Amino acid sequence: MGRYILKRLIWMIPVVLGVTILVFSIMYLIPGDPAKMMLSPEATPEEIAAKREELGLNEPYLVRLGKFLGGIVFRFDFGDSWVYNQPVTKELLNRFPRTLTIAVICIGLQIIIGIPLGIIAAVNQNGLGDRISMFIALFGISLPNFWIALMLILFFSVKLGWLPPFGIDGFKYYILPCIANAFPGIATQARQTRSSMLEVIRSDYITTARAKGMSELQILLKHALPNALLPVITIIGNGMGMLLAGTVVIESIFSIPGIGMYLVGGINSRDYNIVQSSVIFLALAFTFIMLLVDLAYAFIDPRIKAQFARKHKRGHHA
Amino acid sequence: AKEVEKPVEEPAAPAATEAPAVTEAPAATEVPAATEAPVEELALPEIVSIAIGADPADLAPFVGMSMGRIAVLKTIYEYLIETDSMGGAAVPMIAKSWEKTGDKVYKITIFDNVYDSAGNHITAADVAWSYNTAKELGNLRPLGDIVSISAVDDVTVNLEVKSNFGPGGLEKVLSECPIVSQKAYEASPDGFATKPITSGPYLLTEYVPGSSLTFERREDYWQTDPQYRTLFSQANVKKIVFKVITEAAQNAIALETGNVDIAAGVTQDDLARFMNNPAFTTFNFLDNLTQNLQFNGSEGHPLTNKELRQAIAYAIDTSAMCEAVAPGACTPAHTIGNPNFGGYLKKWESEPYYEYDLEKAKELFAASGHTPGELTFKLLAQNDARSGLMAQIIQAQLGELGIAVEISQVESAVYNQIQYDPTAYDLLLAMSAGGDFIFSPWQLVYDQNRYNGTTSNFFKDDELQSLLATVSSLEGFNEANVDAFQQYQKEQLYAYGMLSFNSIIVADSGVLKVVRDTRGQVIPGACEYAADFNK
Amino acid sequence: MTALVEVKNLKKYFETPRGMLHAVDDVSFSIERGKTMGIVGESGCGKSTLGRVIIHLLDSTDGQIFFEGKDITHANPRQLRKLRENMKIIFQDPYSSLNPRLTVEETIKEPLIISKKYSAKAANDEAERLMNMVGIDQRLRLAYPHELDGGRRQRVGIARALALNPKFIVCDEPVSALDVSIQAQVLNLLQDLQDQFELTYMFVTHDLSVVRHISDDICVMYLGKLVETCESKELFKHPLHPYTQALISAVPTIDIHHKKERVILEGEITSPINPKPGCRFKKRCTYHTTQCNEPQHLEEVLPRHFVACCRVREINHI
Amino acid sequence: MHNSSAITAITQKNKKQSQFAVVLRRLSKNPSAIIGLIVVCLLVIMAIFAPLIAPYPYDKQNLLNTRKPPSAEHIMGTDELGRDIFSRIVYGSRYSLSIGFLAVLFSNIIGMTLGALAGYFGGLVDDIIMRLIDIIQSIPGILLAIAISVVLGPGFINTLIALGFGAITMACRLMRASVLGIRHQEFLEAAISNNASTFRIITKHVIPNSFAPVLVGATMSIGNVIMSAAMLSFIGLGIQPPTPEWGAMISGGRALIRSCPWMVTFPGIFIMLTVLAFNMLGDGLRDALDPKLKK
Amino acid sequence: MSNNATSFLEVKDLVVEYTSEGSVIHAVNGVSFALERGKTFGLVGETGAGKTSIAKAILRILPDPPAKIRNGQILLDGIDLLTLEEKDMRKIRGRRVSMIFQDPMTALNPIMKVGKQIAEVIKLHNKISNKQAEAEAGKMLELVGIPAERFNEYPHQFSGGMKQRVIIAMALACNPELLLADEPTTALDVTIQAQVLEMINKLKRDLNTSMIMISHNLGVVAEICDDLAVIYAGEVVELGSKETIFDRAAHPYTVGLFSAVPTLDEEKERLVPIIGLPPDPSNLPAGCHFHPRCPWADEACERESIPLREIAPGHFCRCIKVSAQEN
Ligand SMILES: Nc1ncnc2c1ncn2[C@@H]1O[C@H](COP(=O)(O)OP(=O)(O)OP(=O)(O)O)[C@@H](O)[C@H]1O
Ligand SMILES: Nc1ncnc2c1ncn2[C@@H]1O[C@H](COP(=O)(O)OP(=O)(O)OP(=O)(O)O)[C@@H](O)[C@H]1O
Ligand SMILES: [Mg+2]
Ligand SMILES: [Mg+2]
């Protein structure tokens with residue numbers, strides 16, 4: 001198992017490197033001059049040129065890429081933000097926990113709401129429970145998240161005054177953004193759970209369990225659910241990407257200084273280091289979560305675990 | 001519902017031409033309504049929260065301007081002087097007085113009791129150092145005009161500049177650079193980026209990047225002389241919290257939920273509700289932004305034809321546009337620049353300025369030698385909602401003339417880049433701001449010295465340039481010259497001023513008066529609060 | 001008369017995470033024109049792999065394959081094209097062996113079209129002839145596989161294999177998935193076709209009754225190895241290898257009056273991955289001694305009766 | 001062979017029709033899929049006949065009649081420029097649907113090809129393609145969209161590409177999984193043994209049989225893309241005005257969500273309807289195409 | 001059918017239908033048979049004949065929907081299982097009646113330890129601790145010839161034959177009175193099949209369990225059963241003791257079956273297949289369901305449904321062409 005994890009971690013290198021080069025090239029190609037963005041509109045061409053020189057923007061593509069990669073690899077230094085005039089890494093570490101918190105809470109919501117919805121639907125296939133749960137689920141993916149966010153704010157903050165409408169200053173502040181952001185995830189989760197549950201319910205070992213004399217509830221909890229969870233876990237991993245992307249919008253609506261806002265701000269001001277490093281950070285987080293998902297998968301499914309173990313053994317032979 | 005119509009900043013008459021050669025600290029600028037020092041500490045309101053539209057990001061003193069920094073800098077830093085209204089006279093801050101001592105040479109005397117919050121004595125040496133550092137970093141544009149600046153003694157600084165200043169030029173230089181203690185700055189691990197130490201009346205106690213800034217009133221503020229306590233040295237509230245709100249619709253919500261007390265970014269549509277709500281007061285200010293339409297004047301371009309430009313201007317209904325894009329917070333412009341700029345002439349408003357007249361537009365269009373359907377123009381605009389609306393109105397109205405318009409809305413980084421590319425647009429929807437005097441937005445568009453010998457929109461007109469040189473010089477800045485320039489630019493119409501906007505600030509009704517700096521940003525310490533505010 | 005198909009020391013190893021899987025290991029035999037060679041053995045012993053290697057669906061690892069006396073082991077693509085017109089395969093699973101998106105006619109016509117030997121019209125006529133030959137109604141020309149029952153599907157598979165008049169057909173358990181009543185129909189069809197066109201079959205199955213019924217000669221495989229081969233009648237009369245004996249005795253018989261002696265195999269099945277040299281059956285063999293750890297070779301124990309067992313003579317008192 | 005009357009009668013029928021008919025028959029038994037299908041059809045009809053349905057031109061401004069709530073003349077009210085929202089929505093269906101449809105088409109063609117190659121060839125090809133997909137997936141979709149629309153500039157086609165790009169990964173993964181599922185089916189071997197070329201095998205045997213899940217995924221992606229278009233407009237990118245794309249309408253009006261709720265609500269409802277309909281259809285298709293239900 | 005009043009299990013007029021895409025599939029059409037204690041009853045028939053449906057109906061584990069038991073009685077020691085409360089039925093499942101499933105590959109929960117799966121049923125029906133249940137389960141594993149050390153392994157670590165043994169162990173764990181074995185060896189290789197059959201036989205003898213053995217393999221039935229019924233299209237077409245049917249098969253379908261299979265014992269130059277195909281269960285032919293494939297059929301066979309007749313003592317046949325004297 002350890003070897004497998006190691007191998008997966010090593011596989012992350014080409015992916016993250018690819019992401020780095022890709023995002024670097026995107027920023028290189030994007031029109032918009034960071035020097036101009038930094039200086040006031042009255043700046044003269046000479047001043048702009050001087051700034052470009054200072055920022056190292058006049059060097060050729062490969063030299064810049066090389067320096068950037070070198071910085072990351074040798075010093076774990078993503079460079080300084082031009083707007084914030086500070087090491088990007090520091091700010092990222094500041095902001096990342098907020099984004100991550102939102103993402104994690106969203107995933108939590110997704111699990112504790114989406115999965116039961118899916119189960120209800122599957123158990124009452126084609127019944128009322130199914131219809132209602134699936135309608136809720138479909139609803140969730142049919143509304144833009146910013147719209148949901150604004151509606152939630154109007155209702156819970158303005159009308160009822162229960163929750164703060166923006167900012168980040170304690171647990172209460174996470175509730176609305178997380179709900180707004182979790183909606184599509186909940187929906188996807190519910191649907192996925194339903195279909196994988198339906199598949200499992202039809203399988204032979206469920207009949208076996210029934211033939212043992214177990215009650216439907218026991219069967220559901222002990223046999224059906226654990227098996228149905230497998231494909232559901234994959235969704236959680238994939239949904240992470242969507243969640244992280246969704247936070248860009250959510251953070252801006254709720255004025256949450258997370259990585260999404262940082263990234264969008266970075267794009268707007270052409271602060272290359274911010275953009276590059278945020279994306280790399282997100283990519284790292286994403287690949288890492290995917291790894292965790294795979295491990296969780298293995299944890300639940302002995303068949304997969306066995307595969308890992310085998311690979312492990314083979315490693316010893318070799 | 002209280003509504004305070006407040007074109008406060010009276011346009012300074014171009015009489016200001018007797019520009020301050022020597023400016024003793026004006027005994028009484030009309031400003032400080034709160035000249036009497038706060039009698040009792042306890043009477044002050046505890047806390048006021050203000051919404052700002054963007055994160056200042058970097059609080060360091062010598063960094064370039066950004067949306068977020070504008071909003072808070074005046075609360076953080078102190079400068080040599082401040083201009084407390086557009087085109088108005090400068091008031092002393094750290095500098096007690098300033099005078100011209102020779103050709104291109106000035107002498108500035110500062111107060112001898114300036115201390116920052118860490119107790120550092122700020123001397124002339126710190127002033128010179130601040131200026132030199134900022135100049136070297138190159139982020140603060142006007143400092144480029146300085147040849148040298150040096151301390152003479154503890155309280156005197158010598159300033160030498162490249163050329164003699166026009167109206168407001170010196171003030172611009174003196175009010176541009178935050179003055180900080182060299183010692184404190186050098187001791188700071190991050191160059192004041194997150195924990196600035198300044199001499200201002202408020203002390204930054206907490207900064208959550210991207211979210212909020214908290215300031216607390218200093219008990220030991222150095223400027224104890226009420227006479228010198230300018231707008232910017234006021235401290236009418238114990239604690240100020242700036243909250244970053246990026247989504248416009250959230251401003252109203254923040255006010256209604258009591259999360260902020262003052263917000264400037266409330267959308268037009270939320271405004272109506274606040275006007276009808278006794279719990280809030282709305283303050284209506286003239287802004288310093290003018291929306292104008294610039295024509296591409298590069299050689300051989302159809303828009304080098306004056307009739308065509310005029311035809312376009314006549315075809316655009318600016319009053320209707322006002323109603324559509326910002327009802328109640330906008331007026332049709334009569335030049336490029338707002339009525340609150342120094343030197344603006346009231347009479348222009350009664351002169352014709354291409355008021356909507358489709359017939360005339362069609363005549364001129366025909367005279368320009370073009371036929372309907374023949375022209376397709378690309379209209380470049382930024383990608384904010386308001387620009388989008390204006391662009392669409394222009395598109396529709398030019399459609400009436402038979403000119404097809406393709407709208408290209410791009411994000412600001414791209415806009416800033418391609419704005420100076422003659423192939424990027426035919427029509428440019430531009431926003432001009434500029435300094436305190438009416439000629440500064442003009443300079444931004446027309447000054448051919450800035451843009452490789454053409455106006456920013458590629459026209460070449462020596463007469464225009466000489467008129468501009470005259471009006472922006474110290475000697476030439478008078479009513480007659482200002483008017484002459486206006487008439488000339490109006491006739492040539494290289495750029496068409498369309499709308500000037502008001503900015504509307506909504507505040508809790510406990511905020512009695514909102515005070516803003518010349519860039520239109522609220523100065524919370526100087527605002528006036530009801531006795532029971534926030535109690 | 002020379003053999004139509006001959007294999008010599010044929011090997012096929014698969015690389016798996018756990019090591020080399022010896023699916024077919026050193027197998028030699030030959031099939032004469034117009035005859036049927038039955039291949040029996042339990043699941044996973046390499047029967048299908050053997051068939052696939054012979055018709056070049058899989059590359060062999062080692063050894064030689066002759067067709068009509070020519071060594072075709074390393075046929076180049078041009079030869080392969082020709083070869084594949086002469087060697088066909090009929091699959092076990094009538095469900096997965098037909099492309100569900102192609103009609104009966106399209107499936108049967110595919111080899112004709114690919115060969116470019118038929119005009120569109122001629123291909124239609126030929127398809128009609130093939131359908132008649134295998135007994136599929138013309139009205140089913142445009143039917144899709146899912147509309148057919150297993151027997152008919154298998155007939156479509158047979159018709160496809162008969163296109164272009166092949167000489168040799170590998171029948172990979174063509175009747176295992178069919179019901180007894182249908183099974184007999186298909187077996188009869190295969191026999192009729194053989195008589196009519198002098199086809200040569202390699203008939204892979206694990207059903208001993210079927211193989212006895214249809215084959216002229218039989219190979220018994222165990223874990224990739226050929227353990228016994230001889231004429232069909234001979235094999236059932238005198239099974240010599242202990243495995244063959246167990247196999248034959250294990251078949252439940254419908255003769256309720258004569259209980260026969262059962263050889264129940266015990267012991268675990270050797271893994272086909274990196275197997276040790278020596279007899280692969282020894283762990284389950286009641287007769288095994290240390291001799292069995294030596295590699296076993298096919299020997300002609302009785303005339304034209306080959307067995308790979310070092311103790312075969314002792315056991316059978318020959 | 002003997003014709004038993006017990007055998008399901010299979011009558012002569014037109015080629016290709018039957019499978020389609022089977023799917024359609026299954027669909028028709030699924031009320032929510034039918035509703036989805038009907039709504040999609042209605043939307044398409046609305047898009048095609050927009051000029052006949054819309055009471056006003058979509059860009060007809062009336063600056064004297066802005067921000068009017070729904071009334072008899074303007075059943076969904078007017079926007080900031082006095083344009084009829086209903087007409088804009090009707091015309092907008094053209095852009096929103098075609099953005100959704102074309103972006104998904106674009107992404108699915110690329111994604112399917114990549115997925116089919118990866119699944120069919122496996123090994124190094126698979127590794128390279130999948131790492132590429134990993135890379136694309138690791139970059140937040142919105143950044144990709146922003147980057148692409150900034151690099152290419154705004155505009156219909158570019159927005160389309162920007163939105164489609166993110167959907168490639170899903171199509172690719174679905175296709176690959178699906179191909180892996182049939183990779184070892186015997187009919188592929190049969191094709192090889194019939195001398196079919198790799199190209200023929202992939203186009204004639206692999207893709208048609210692994211297409212179903214991708215198709216289902218695609219119907220759902222259409223909804224996602226329309227939603228992402230809205231998100232892109234939220235950031236100020238995307239389609240240029242005065243094109244009445246729904247996403248742009250909803251995000252343009254969001255500042256007026258309280259004073260002029262109709263400006264946001266109606267396009268919102270239409271986006272919701274569309275996404276809902278495509279998802280319902282997709283769900284139904286998934287069931288109808290489910291091979292397990294096949295006899 | 002037996003008139004024996006002392007029958008342990010009696011299935012009477014069982015009718016099971018499935019609804020699929022609007023059409024009704026007549027899977028089981030009035031099946032009746034009886035089984036004595038300690039005996040093994042065989043159900044033989046082709047795919048889709050309705051064998052599994054009968055077994056699942058007895059345990060009442062048919063998937064509903066689509067399956068519905070339309071009619072009939074299933075008397076276990078005189079108690080009609082079909083009228084029991086679900087709660088009471090649960091006490092019978094796994095305890096008094098248990099089932100071995102057709103496909104060992106899928107009948108075990110892939111992510112649960114095999115030992116646990118056996119212990120589960122023991123725990124369910126006995127008031128004992130987990131520990132005891134697990135010890136019991138270990139014993140059961142040993143009983144079916146799997147070392148108890150493998151308790152903690154997962155199904156994927158077992159071969160097909162071993163999985164089938166686990167299922168058997170599970171079915172026998174609570175000493176059921178009735179074992180429903182649904183093609184327990186079909187998925188297995190012959191050598192393994194022999195092992196499993198041997199074991200079932202032995203266990204049955206030792207525990208004196210009654211059993212219903214479902215198979216389409218006549219050989220398997222011959223090995224194990226005492227009595228058997230041949231099922232065609234959801235109906236019993238022939239019923240009797242093993243000897244009766246193997247020696248004196250009467251029904252044309254049964255006769256056809258025997259001549260269609262190749263055997264190891266006799267040389268057949270050519271098989272005699274039953275012509276045609278099994279009927280579509282949603283659209284059964286009128287009259288005798290077998291008539292379209294029957295070599296003896298005439299109009300009379302198409303007209304009305306044919307009753308099951310006793311053509312010889314204990315030998316029942318559903319064919320009008322078969323006269324009692326013939327046998
Ligand atoms: N492509 C492959 N990769 C790895 N191993 C394979 C592959 N194909 C077959 N094998 C292995 O080779 C061995 C022989 O397989 P093969 O399919 O030839 O057996 P078989 O005798 O046909 O079995 P069955 O009766 O189940 O069809 C098995 O252990 C199988 O797992
Ligand atoms: N879940 C179901 N839905 C619809 N029809 C079904 C279902 N299960 C079984 N059937 C139908 O009921 C009939 C009887 O099925 P059953 O499984 O009882 O047959 P069987 O004799 O056990 O066949 P096999 O030998 O294949 O196991 C068949 O026609 C089958 O198609
Ligand atoms: Mg095989
Ligand atoms: Mg069955």
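Within every chain, numbering begins at 1; the chains are lettered A, B, ... in the order of the sequence lines, protein sequences first and strands thereafter. Computed from a predicted model, the values in this text were never measured in an experiment.
Only the side chain of Val63(B) comes within contact range of chain A, with at least one heavy atom under 4.5 Å from a heavy atom of that chain. For Asp55(B), the part lying near chain A is the side chain, with the backbone staying farther off; criterion is any non-hydrogen pair under 4.5 Å. Neither the backbone nor the side chain of Ala60(B) comes within contact range of chain A; no heavy atoms are under 4.5 Å apart. For chain A, the nearby parts of Ser211(B) are the backbone and the side chain; heavy atoms of each come within less than 4.5 Å.
Other residues, nucleotides and ligands contribute over 12 non-hydrogen atoms within 6.0 Å of the CD atom of Glu59(A). Heavy atoms from other residues, nucleotides or ligands lying under 6.0 Å from CZ of Phe242(B) number more than 12. Summarising the local packing, CD of Glu136(B) is surrounded by 12 or fewer heavy atoms from other residues, nucleotides or ligands at distances under 6.0 Å. Dense packing is recorded around CZ of Phe96(A), with more than 12 heavy atoms of other residues, nucleotides or ligands lying under 6.0 Å away.
With a 4.5 Å cut-off on side-chain heavy atoms, Lys243(B) and Phe166(A) count as touching. For the pair Pro209(B) and Arg95(A), the minimum side-chain heavy-atom distance is below 4.5 Å. At least one side-chain heavy atom of Pro165(A) sits less than 4.5 Å from a side-chain heavy atom of Asn259(B).
Across all non-hydrogen atoms, the minimal contact from Gln250(B) to Ile253(A) is NE2-O, 2.9 Å.
Among Ile245(B), Asp447(B), Val414(B), Asn416(B), the residue making the largest number of heavy-atom pairs under 4.5 Å with chain A is Ile245(B).
Taking 4.5 Å as the heavy-atom cut-off, the residues of residues 148-163 of chain A that approach chain B are Leu150(A), Ile153(A), Leu154(A), Ser157(A), Val158(A), ordered by number.
Using a distance-only test at 3.5 Å, with no hydrogens or angles considered, a donor-acceptor pair links the side chain of Ser255(A) to the main chain of Thr246(B).
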